[in-house]
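Let me begin by presenting the structure, written as structure tokens, before commenting on it.
For the numbers below, each heavy atom of this structure counts, side chains included, while hydrogens, waters and symmetry mates do not. To find a chain, count down the sequence lines: A is the first, B the second, and so on, and within it residues start at 1.
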Amino acid sequence: MSERTGAPDKPSLDGLEDKWADRWDADRTFAFDRSKTRDEVFAIDTPPPTVSGSLHVGHVFSYTHTDTIARFQRMRGREVFYPMGWDDNGVPTERRVQNYFGVRCDPSLPYDPGFVPPEKPGKQEIPISRQNFVELCDRLVVEDEQKFEELWRTLGLSVDWSTTYTTIGERARRASQRAFLRNLARGEAYQSEAPTLWDVDFRMAVSQAELEDRELPGAYYSLRFGGTDGEAAIVIETTRPELIPACVALVAHPDDERYAPRFGHEVVTPLFGVRVPVLAHPLADPEKGSGIAMICTFGDTTDVVWWRELQLSTRTAIGRDGRLLPEPPDWGPAAPEADARYAELAGKTAKQAQARIVELLAEQGELVGAPKPITHPVKFYERGDRPLEIVSSRQWYIRNGGRDAEVREAFLARGRELHWHPSHMRSRYESWVEGLNSDWLISRQRYFGVPFPLWYPVDADGEVDYDHPIVPEEARLPIDPTSDVPTGATEDQRGKAGGFVADPDVMDTWATSSLTPELAAGWEDDPDLFARVFPMDLRPQAFEIIRTWLFSTVVRAHYEFDSLPWSDAAISGWVLDPERKKMSKSKGNVVTPMEPIRQFGADAMRYWAASGRPGVDTAVDEGQMKVGRRLAIKILNASKFALGVIGDDVPSDFGMQPDAVTEPLDRSMLAGLAALVTNATTSFESYDYARALDSTERLFWGFCDDYVELVKGRAYAGSDSARAALACALDTLLRLFAPHMPFVTEEVWSWWRAGSIHRADWPRADDLSPFASADATVYPAAAAVLREIRKAKSEAKRSMRTDVVRATVRAPAELLRSLAPALAEVRDAGRIVGEVELVEAGELAVDVTLAAPE
RNA sequence: GGGCGAUUAGCUCAGGGGGAGAGCACUUCCUUGACACGGAAGGGGUCAGCAGUUCAAAUCUGCUAUCGCCCACCA
């Protein structure tokens with residue numbers, strides 16, 4: 001509990017961050033009170049930052065938005081559950097641990113409890129077991145966490161630092177495996193051997209959500225497929241001639257009269273002389289190229305559709321390493337020259353094979369005309385460097401509506417049930433769900449991650465039976481099937497006929513991240529906490545991971561709890577560099593936040609962040625930070641003035657004493673403040689922290705410029721009405737600013753109040769209701785006239801303290817009526833020493849006669 | 001190809017049927033008793049364009065243009 005200190009002579013922002021961060025920590029100001037029930041709690045599903053690198057200014061931006069909401073809800077009386085997670089699961093962390101310690105994860109190795117990494121990573125990576133790797137990860141995360149936490153605390157995030165979680169730790173592994181096993185038991189998870197998008201460098205399957213298109217230069221090559229039985233050749237266009245050996249058919253639209261006579265007939269592939277059928281399918285576009293395409297297994301996702309729907313055979317040419325397979329595919333009947341052709345290409349990368357095959361086509365005269373250069377979109381893994389291939393493999397999926405209209409409708413309904421801020425972000429969710437074309441592929445052929453908690457029986461012939469996975473009891477989780485054995489089995493049965501083998505794969509990181517609300521809430525591990533916080537209230541996140549994080553979290557909660565994981569989603573925009581370019585490490589334009597926080601102050605940094613509207617991309621702007629700093633300083637100084645006239649003997653509960661406010665000017669000012677409270681509250685309730693700040697700031701500057709000047713004389717003279725009004729306004733304004741500028745408001749609060757402002761009540765318009773009946777026009781009228789007087793002095797290039805010998809106020813009758821009760825204050829603030837004449841006129845104008853210069 | 005958003009002062013942006021606004025920058029002035037890490041004032045805009053609804057449009061509707069993003073089976 002803080003002691004009242006009174007205002008210092010020279011208030012300063014210096015050192016406020018450390019001072020108050022330490023105090024909040026010591027007082028446990030933001031500790032979650034878990035005696036509160038669900039309806040009293042406001043729970044936030046905080047995005048766990050990836051601990052592989054460093055935080056950048058974009059994190060500061062969006063986490064500040066969330067923190068303003070958290071502080072508002074806390075002041076409103078909700079017990080805020082505001083945990084922090086650390087995302088240490090996934091490729092970025094895997095790479096960081098590899099590079100940092102010079103090790104490599106090899107799950108076939110046994111755990112070595114005595115392993116110590118080298119002091120400096122050697123040139124050769126040391127292979128270690130998965131458990132050893134995870135332990136190193138835990139160790140590194142602790143170091144990263146400390147840096148992150150220091151920044152968050154300096155920024156003033158009001159999280160409860162005793163409620164943290166990680167995404168690769170034991171709890172996360174247990175929750176991920178438990179959720180998967182339950183999906184499996186209910187039939188929501190299934191495995192399938194099918195063509196899958198595949199990254200040839202990472203050598204793993206990639207899900208639809210991890211795809212991105214990149215524009216790449218390419219070319220259309222026109223190829224001649226020879227006719228059979230005396231029929232003419234058919235010319236097709238393709239961008240991937242290297243896939244000719246994988247060609248299984250040609251396809252044209254059923255209504256295309258050019259090719260209708262050939263349907264069911266065969267043609268011969270160029271170079272290889274393999275016979276393939278000509279078929280009809282509505283997906284073939286008569287307008288594209290020559291209107292007829294070659295189907296390869298597999299060149300793109302359309303090939304997969306054709307292959308499946310036309311029930312074609314498989315002729316695999318490209319392997320999982322992106323190179324042409326060493327052995328030729330099954331050509332079918334009679335293709336004498338095919339093997340020889342293929343031998344020359346085997347082992348080449350797709351790119352090399354294309355170059356060679358184009359040469360050969362040209363030599364053989366089977367290339368029609370010159371290649372037509374184009375640029376076209378090609379699918380990439382978002383982290384990958386080479387185009388994706390499609391290979392057939394056995395993978396685990398979770399049903400997400402990609403292949404089932406009913407399931408899809410259920411998730412669209414969840415999207416409509418969720419409150420989106422801003423609301424138009426819902427359309428991104430909807431277009432994603434509507435465009436799904438496959439289920440959620442959750443298995444990854446990686447070593448670091450949460451393993452699938454499964455084994456498969458090996459039959460007497462040594463064949464693995466994938467259709468009857470062996471699952472562990474939930475109580476055993478988390479397990480690693482490569483080192484743990486099925487219940488009742490022994491290690492010596494591993495890999496043996498009649499024994500078992502482990503599922504070698506790990507789960508996609510989103511399979512864990514999709515459980516962050518459950519993880520943070522202690523699902524199954526802490527049922528008492530879970531009941532108090534789940535489903536949560538708010539998911540704050542960036543828009544670009546709606547299709548991944550947001551959607552997958554909805555999927556998991558829908559299946560496990562038949563509910564949304566939270567009622568509201570607040571979607572933040574991007575932070576752009578000062579030139580309004582997207583920040584990225586490769587461009588080298590990433591702004592790190594600690595330096596500007598130290599330079600301008602955390603409140604100033606937060607001011608900049610909170611000025612960015614919900615969902616709107618915002619540029620890094622030092623100008624806004626300077627404005628924020630100026631505001632913070634103004635709050636210090638205006639408070640110092642107000643407390644100076646309120647008096648040092650003010651009791652700590654002095655403040656809302658509406659009865660003491662009797663003067664019309666004071667009552668009028670407080671009427672405006674009441675309207676502000678309503679406005680700011682409404683804005684915050686709809687997650688519009690920016691509007692709340694904007695309206696509060698607007699009133700505050702006017703308060704400083706006009707009200708303080710008008711009331712100064714009377715306040716110095718000891719007017720009780722002025723003292724009470726200033727106390728009331730200061731008290732209210734500080735609390736309105738507290739969510740945005742927690743440090744400076746807490747500092748000022750400590751001068752005259754007990755306890756933390758962040759545990760004080762949010763202002764209620766009801767507290768100011770005595771002023772609802774006040775004439776709200778008095779204060780604006782007085783301020784307007786005062787501005788006219790200042791203008792006259794400014795235009796005369798005279799000091800503001802110049803005496804006014806005589807003034808004539810011309811104004812509409814209403815304005816003059818409003819002005820009347822505050823005329824004394826206007827005289828005082830305007831230094832009018834002589835007569836004031838009031839004249840009715842159409843528009844406000846003030847003529848003044850200034851005292852002669854000395 | 002479909003969708004979402006944006007277009008307002010030199011810059012960054014707010015506003016959302018009836019006065020064209022803020023901050024920064026610029027110009028001028030003021031070292032007044034809370035504040036020189038200040039303060040007062042000023043200049044500056046065909047609210048992207050066209051059409052419509054309306055007594056009245058920056059604001060609502062439609063179309064167009066430009067920019068950004070999302071989605072799509074892009075041979």
Checklist entry - Which nucleotide, B/A40, B/C35, B/C30, lies nearest any side-chain atom of A/Lys634? => result B/C35
Checklist outcome for this item: Hits for side chain to side chain donor-acceptor pair (under 3.5 Å) against A/Tyr259, two or more places apart or cross-chain, chain-then-number order -> none
Checklist entry - Taking atom P of B/C69 as reference, at what distance in whole Å does atom CD1 of A/Ile571 sit? => result 18 Å
Next on the checklist: So A/Val708, base contact, sugar-phosphate only, or nothing? Heavy-atom distance under 4.0 Å.
Outcome noted: base
Close N or O pairs between protein and nucleotides 14-23 of chain B (under 3.5 Å):
| residue | atom | partner | partner atom | Å |
| --- | --- | --- | --- | --- |
| B/G15 | OP1 | A/Arg691 | NH2 | 3.2 |

Checklist entry - ring-ring contact (aromatic ring centres under 6.0 Å, His included) with A/Trp608: which residues, sequence neighbours excluded? => result A/Phe61
Checklist entry - How many Å lie between CD1 on A/Ile545 and P on B/C69, as a whole number? => result 18 Å
Next on the checklist: Classify A/Cys704 by what it touches in the nucleic acid, base, sugar-phosphate, or nothing, heavy-atom distance under 4.0 Å.
Outcome noted: base
Checklist entry - Starting at NZ of A/Lys712 and ending at C1' of B/C35, how long is that distance when rounded to a whole Å? => result 9 Å
Checklist entry - Counting any heavy atom closer than 4.0 Å, what does A/Arg790 reach on the DNA or RNA strands: base, sugar-phosphate only, or nothing? => result sugar-phosphate
Item to check | Euclidean distance for C1', B/U64 against B/A22 (whole angstrom) | outcome: 31 Å
Protein N or O to nucleotides 4-11 of chain B N or O, pairs below 3.5 Å:
| residue | atom | partner | partner atom | Å |
| --- | --- | --- | --- | --- |
| B/C4 | O2' | A/His424 | ND1 | 3.3 |

Checklist outcome for this item: The side-chain contact (heavy atoms from CB on, under 4.5 Å) partners of A/Val708 (sequence neighbours excluded) come to A/Phe641, A/Phe703, A/Lys712
Checklist outcome for this item: When rounded to the nearest 0.5 Å, the distance separating OG of A/Ser207 from CG of A/Leu197 is 9.0 Å
Using residues 624-633 of chain A as the side-chain source, report each donor-acceptor pair under 3.5 Å to any protein atom, sequence neighbours left out, with the distance given to one decimal.
| residue | atom | partner | partner atom | Å |
| --- | --- | --- | --- | --- |
| A/Gln624 | NE2 | A/Ser611 | OG | 3.2 |
| A/Arg629 | NH1 | A/Phe600 | O | 3.0 |

Checklist outcome for this item: Sequence neighbours excluded, the answer for side chain to side chain donor-acceptor pair (under 3.5 Å) partners of A/Arg240 is A/Glu242, A/Glu389
Pairwise N/O distances under 3.5 Å, protein to nucleotides 65-67 of chain B:
none

Checklist entry - Which is true for A/Trp608 with a 4.0 Å heavy-atom rule: it touches a base, it touches only sugar-phosphate, or it touches nothing? => result nothing
Checklist entry - Can you list the residues that meet the ring-ring contact (aromatic ring centres under 6.0 Å, His included) rule with A/Phe380, with sequence neighbours excluded? => result none
Could you list all N or O pairs between the protein and nucleotides 72-75 of chain B that sit under 3.5 Å apart?
| residue | atom | partner | partner atom | Å |
| --- | --- | --- | --- | --- |
| B/A72 | OP1 | A/Gln208 | NE2 | 2.9 |
| B/C73 | OP1 | A/Asn437 | ND2 | 3.0 |
| B/C73 | O2' | A/Thr302 | OG1 | 2.5 |
| B/C74 | N4 | A/Asp213 | OD1 | 3.4 |
| B/C74 | N4 | A/Asp213 | OD2 | 2.6 |
| B/C74 | N4 | A/Lys379 | NZ | 3.3 |
| B/A75 | O3' | A/Glu237 | O | 3.0 |
| B/A75 | O3' | A/Thr238 | N | 3.4 |
| B/A75 | O3' | A/Thr238 | OG1 | 3.3 |
| B/A75 | O3' | A/Thr239 | N | 2.9 |
| B/A75 | O2' | A/Glu237 | O | 3.4 |
| B/A75 | N6 | A/Asp285 | N | 2.9 |
| B/A75 | N6 | A/Asp285 | O | 2.6 |
| B/A75 | N1 | A/Asp285 | N | 3.2 |

Next on the checklist: Pairs counted only when both distances fall under 3.5 Å, Watson-Crick or G-U: show me the 5' to 3' dot-bracket for RNA chain B, [ ] for pseudoknotted crossings and | for other-strand partners.
Outcome noted: ((((((((.[[[[.)..(..]]]].(((((.......))))).....[[[[[..)....]]]]])))))))....
Checklist outcome for this item: Regarding the side chain of A/Asn637, the nearest nucleotide among B/C35, B/U28, B/A41 is B/C35
Checklist entry - For A/Arg801, what residues pass the side chain to side chain donor-acceptor pair (under 3.5 Å) criterion, not counting sequence neighbours? => result none
